[in-house]
Amino acid sequence: MRTALIIGNGQIGSEIAAQLGGSGVAVRIATRSGGRAPGAALSDDGAPAATSDTLPTESAHPSSGPTTVCAPVHVKADASDRAQLAEAAAGVDVIFACAHAPYDSRKWEQILPRLDAAILDIAAELGIPVVFPESVYAFAGLDSQITEASPFAPVEDKGRIRQRLIEARSAHSATAASVIAGDLLGRTAEKWSSVVRMCITEPISAGRRAMVPARTDVPHGITLIADHAAAMIQAAEDLKSVPAGTHQLRIAPASNPTLTEIADFTADALGQKHKRPISVPRWATRAIGAFERSFYELNQLAPIWYEPCVISPSDLAETVGTTDWREGVRQMLGAEASEVPAQQPR
């Protein structure tokens, strides 16, 4: 892999870009704004600073000699517009489709099938593979571990949409992979898309008790964002050896701690006493969901949150390795600390 297009620059896309760029792959990041990620270098007038496509740097391991790190090139493109997407993807070896939609099944229905179809069509037209991140939603009703061979078992609209997306990828002529992950932890985890960050690490960091819309004493599938990104990159490499038009359903490295274990480790890392997290009962999330859409959507996925949701180890985990989930908590705590505004001197 020499060049890659990443659609979207959120918690997963930005991590894929960092890993690929660090290994010398030329990366394009396509977003509707065409802007850089928060914290990117700025020139004196506030515009993005000019950078070359490749920046020579010293390796973290001096014995390995110099390496070349590729700074990503940001391009403006609406991925649902085939002409814009084709222009953004011209000349790349692979597409990583990391764009998504607000956490609302109604918007998913409107946006995601059309977005997926455009990406698959352009990938097929250009003869390049495409890799999608995937969730466990299409398998939420299973009473057994989630594996790459598990049957679909959606329990609500989001899961049914995810099932249709996976089925459409499988039926398409594009060569593609969908890489399933659990709830995401890590340095790029976004507050409003990581329940662990929103409900556990941030409250405990602020000295409050964790309050989770879930049972806290059952195993719950967790994936580090860095592991998900590494698994997607490996899945792209693996697609080189499959017949054109193949779709592979893969599982990223995952662990299955309880949410209480995560809360206790968070307290330990912060030097605080353990406080048993409050498990918000399902009837309460249902009631809140009448006024707050995100709680409505969470309540619809009750089997994932109020029953064991266990993700089975996969061959991708053996290839790229599984980072201890505790490291993901440490990364989130570090990211949260860096986001707290410094107090002004009195």
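We number each residue from 1, following the sequence as shown.
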Co-membership, hydrophobic cluster, residues [X] and [Y], 4.5 Å side-chain:
| X | Y | result |
| --- | --- | --- |
| Tyr306 | Ile311 | yes |
| Met211 | Met198 | no |
| Trp325 | Leu270 | yes |
| Val27 | Leu126 | no |
| Val196 | Val280 | no |

Mind checking whether [X] and [Y] have side chains closer than 4.5 Å, heavy atoms only?
| X | Y | value |
| --- | --- | --- |
| Tyr296 | Ser294 | no |
| Val92 | Leu5 | yes |
| Leu165 | Leu112 | yes |
| Asn299 | Trp305 | no |
| Ser312 | Ile146 | no |
| Leu115 | His100 | no |
| Ile12 | Leu184 | yes |
| Asp116 | Arg169 | yes |

If I compare all heavy atoms of [X] with all of [Y], which pair ends up nearest, and what's the gap?
| X | Y | result |
| --- | --- | --- |
| Ala124 | His172 | CB-CE1, 3.9 Å |
| Leu316 | Ala235 | CD2-N, 4.4 Å |
| Lys273 | Ala267 | O-CB, 3.7 Å |
| Ala214 | Leu259 | CB-CD1, 3.8 Å |
| Ile180 | Ser135 | CG2-O, 3.8 Å |
| Leu239 | Ala176 | CD2-O, 3.7 Å |

Next item on the list: Apply side-chain contact (heavy atoms from CB on, under 4.5 Å) to the pair Ile251 and Val179, showing each step before the final yes or no.
Entry: CA-CA 5 Å; Ile251 291 183; Val179 183; over 6 Å; no

Ion pair present between [X] and [Y], side-chain N to carboxylate O less than 4.0 angstrom?
| X | Y | answer |
| --- | --- | --- |
| Glu87 | Arg82 | no |
| Arg162 | Glu167 | no |
| Arg293 | Glu297 | yes |
| Arg330 | Glu327 | yes |

Determine whether a donor-acceptor pair (N or O, by modelled atom type, separation under 3.5 Å) exists between the side chain of [X] and the backbone of [Y].
| X | Y | value |
| --- | --- | --- |
| Arg250 | Ala177 | no |
| Ser193 | Ala189 | no |
| Thr322 | Ala254 | no |
| Asp183 | Val195 | no |
| Glu156 | Gly159 | yes |
| Thr266 | Ile262 | yes |
| Thr175 | Gly245 | yes |
| Ser205 | Thr201 | yes |
| Thr223 | Pro253 | yes |
| Asn256 | Pro219 | no |

Note to self: What verdict does the side-chain contact (heavy atoms from CB on, under 4.5 Å) test give for Val320 and Asp227, after you've listed the backbone C-alpha separation in whole Å, the side-chain angles of each residue and the deciding distance to 0.1 Å?
What the structure shows: CA-CA 7 Å; Val320 305; Asp227 287 356; 5.6 Å; no

Next item on the list: Count the heavy atoms belonging to other residues, nucleotides or ligands that lie under 6.0 Å from CD of Gln272, then report whether that count exceeds 12.
Entry: yes

Notebook entry, point to check: How far apart are the C-alpha atoms of Thr216 and Thr258, what are their side-chain angles, what is the distance that settles it, and do they pass the side-chain contact (heavy atoms from CB on, under 4.5 Å) test?
Noted result: CA-CA 6 Å; Thr216 62; Thr258 68; over 6 Å; no

Let me confirm one number: the [atom1]-[atom2] distance from [X] to [Y], rounded to the nearest 0.5 Å.
| X | Y | atom1 | atom2 | result |
| --- | --- | --- | --- | --- |
| Leu333 | Phe265 | CG | CZ | 8.0 Å |
| Glu134 | Ser178 | CD | OG | 5.5 Å |
| Ile95 | Leu120 | CD1 | CG | 9.0 Å |
| Phe132 | Cys98 | CZ | SG | 10.0 Å |
| Cys309 | His220 | SG | NE2 | 6.0 Å |
| Leu224 | Arg326 | CG | CZ | 11.5 Å |

Checklist line | Full working for salt bridge (charged side-chain N to carboxylate O under 4.0 Å, His left out) between Arg197 and Glu190 | finding: CA-CA 8 Å; Arg197 176 174 178 179; Glu190 297 168 348; over 6 Å; no

Note to self: Checking Ile7 against Ile29 for the side-chain contact (heavy atoms from CB on, under 4.5 Å) test, could you report, in this order, the C-alpha distance in whole Å, the side-chain angles of both residues, the deciding distance, and whether it holds?
What the structure shows: CA-CA 6 Å; Ile7 301 171; Ile29 300 175; over 6 Å; no

Next item on the list: For salt bridge (charged side-chain N to carboxylate O under 4.0 Å, His left out), just list the numbers for Arg32 and Asp78, CA-CA rounded to whole Å, side-chain angles, deciding distance to a tenth of an Å, and then say yes or no.
Entry: CA-CA 5 Å; Arg32 285 181 295 178; Asp78 181 345; 5.6 Å; no

Next item on the list: If the plane angle is over 60° it's perpendicular, under 30° parallel, otherwise tilted; pick one for Trp108 and Tyr137.
Entry: parallel

Next item on the list: Give the intermediate values and the outcome of salt bridge (charged side-chain N to carboxylate O under 4.0 Å, His left out) for residues Arg164 and Glu109.
Entry: CA-CA 10 Å; Arg164 294 202 305 273; Glu109 188 68 69; 2.6 Å; yes

